[in-house]
Every structure is written in structure tokens, then in C-alpha cells.
Amino acid sequence: MLTSALARMGPPRGASAAGLASDAVSGAVCGGDPVNGYQVLEQVVRLPVSTWRYHWDPPQVRHLGPMAQDWWKAFGVGENDRTICCTDANGVAIVAIQALHRELTALRDEVEALRTEGLPGTAANRGSADASPRQSAAD
């Protein structure tokens, strides 16, 4: 039976039981250059994103994402301007999230410093009853 033969073969290279998988492990890649997360975040913000369907999809099917040409223009990663590699999409998302986390942490630190200084209009001068109900991640 064909199904049993395929099951014995295992997933194709670059795939797993959950779908495509990256082989990006130490020793298997070269040229690991750092990236500027803030620049990547700016490109993400400018990237056009829409819903669409492939010509072969049934009319009720919708996908969400950028066009490969826009992706290539924004990031210049992957093989060409016709496809978006899942590894690259994951990398861009992770770097953008890291940049947002750094910005959020800096803003929280700035707010805390202003509260500590007791500037007019801050929670330190108004009393604890007016303090923000949202607690910091450290609480």
C-alpha cells in the first residue's frame, strides 16, 4: 500500500510532522551576520499586507500576508522575489518582536523614572489612588 510505503520513508528533507522545518543549526549555516532589529521593525511597519487567494483556491479560501515582491524589496532575504521562505518570515517576526520588547522596556523604564522623580502630573505627586491599575511585568 502506498500510504505505508510513504510512512516508512518519513517526512521529506526540510519537513516535519507539523510542516516545514528549518535546518538552521550551528555547523550547517555560514555567514551569521547580526541584524538591526529597529531597521527590520521599520520595514515590517511599511510592508503592505493584504488578504488574497491563489487562482487555484476555492473562492472561500483567504490567505493573509505580503506579496513576495514586496517582501524581497523590504528585506532582501530568501532565494528570489517570487517566494517567501518560512524561515525568513519567522526570523523577521522574531527580530521585530525583540525590537518592540526593547522599546517597550525602555518606555516602562522612562515612565518609572518620571514617577520616581515626582514630576507634576505623575502618580508620585497624585498619590497611589491615581496610579495606573496596570502592573509592570516585574510585579
Side-chain angles (χ1 to χ4, degrees):
M1 179 172 264
L2 181 58
T3 305
S4 348
L6 291 175
R8 284 192 304 272
M9 291 173 54
R13 181 169 164 70
S16 70
L20 295 178
S22 173
D23 289 335
V25 295
S26 295
V29 300
C30 58
D33 300 321
V35 296
N36 183 317
Y38 296 111
Q39 290 174 348
V40 171
L41 179 59
E42 284 300 316
Q43 291 302 106
V44 168
V45 169
R46 292 188 189 110
L47 187 65
V49 177
S50 60
T51 60
W52 43 267
R53 68 180 181 86
Y54 294 105
H55 294 291
W56 56 82
D57 283 335
Q60 73 275 12
V61 172
R62 303 299 294 168
H63 300 281
L64 171 68
M67 295 293 108
Q69 296 88 340
D70 295 327
W71 179 269
W72 180 261
K73 183 178 177 184
F75 304 111
V77 295
E79 292 185 37
N80 55 51
D81 70 346
R82 307 296 296 165
T83 60
I84 300 174
C85 174
C86 295
T87 300
D88 297 325
N90 290 340
V92 165
I94 290 169
V95 168
I97 290 167
Q98 290 172 341
L100 285 171
H101 175 74
R102 286 191 301 271
E103 286 185 2
L104 180 59
T105 300
L107 287 171
R108 284 180 175 163
D109 291 347
E110 184 177 339
V111 167
E112 186 58 34
L114 290 171
R115 285 182 178 152
T116 301
E117 290 174 13
L119 295 176
T122 63
N125 279 342
R126 292 191 309 258
S128 61
D130 291 338
S132 171
R134 182 174 177 185
Q135 295 183 355
S136 72
D139 291 347

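- For S50, the side-chain hydrogen bond (donor to acceptor under 3.5 Å, both in side chains) criterion is met by no residue, not counting sequence neighbours.
- Atom CD of E117 sits about 10.5 Å away from atom CD of E112, to the nearest 0.5 Å.
- For Q39, the side chain to side chain contact (heavy atoms under 4.5 Å, CB included) criterion is met by N36, not counting sequence neighbours.
- Ring planes of Y54 and W52: perpendicular class, angle over 60° (limits at 30 and 60°).
- Residues L47 and L41 are members of separate hydrophobic clusters, defined by side-chain heavy-atom contacts under 4.5 angstrom among Ile, Leu, Val, Met, Phe, Trp and Tyr.
- Not counting sequence neighbours, the partners of E42 by the side chain to side chain contact (heavy atoms under 4.5 Å, CB included) test are R46.
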With a cut-off of 3.5 Å and sequence neighbours excluded, list every side-chain donor-acceptor pair involving residues 61-77.
residue : atom : partner : partner atom : Å
R62     : NH2  : T51     : O            : 3.1
R62     : NH2  : T51     : OG1          : 3.3
H63     : NE2  : D57     : OD2          : 2.8

Could you go through residues 88-104 and list every donor-acceptor pair under 3.5 Å that involves a side-chain atom there, pairing it with any protein atom two or more places apart or in another chain?
residue : atom : partner : partner atom : Å
D88     : OD2  : G78     : N            : 3.3
N90     : ND2  : C86     : O            : 3.3
R102    : NE   : Y38     : OH           : 3.3

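- Clustering of Ile, Leu, Val, Met, Phe, Trp and Tyr by side-chain heavy atoms under 4.5 Å joins V111 with none of the others.
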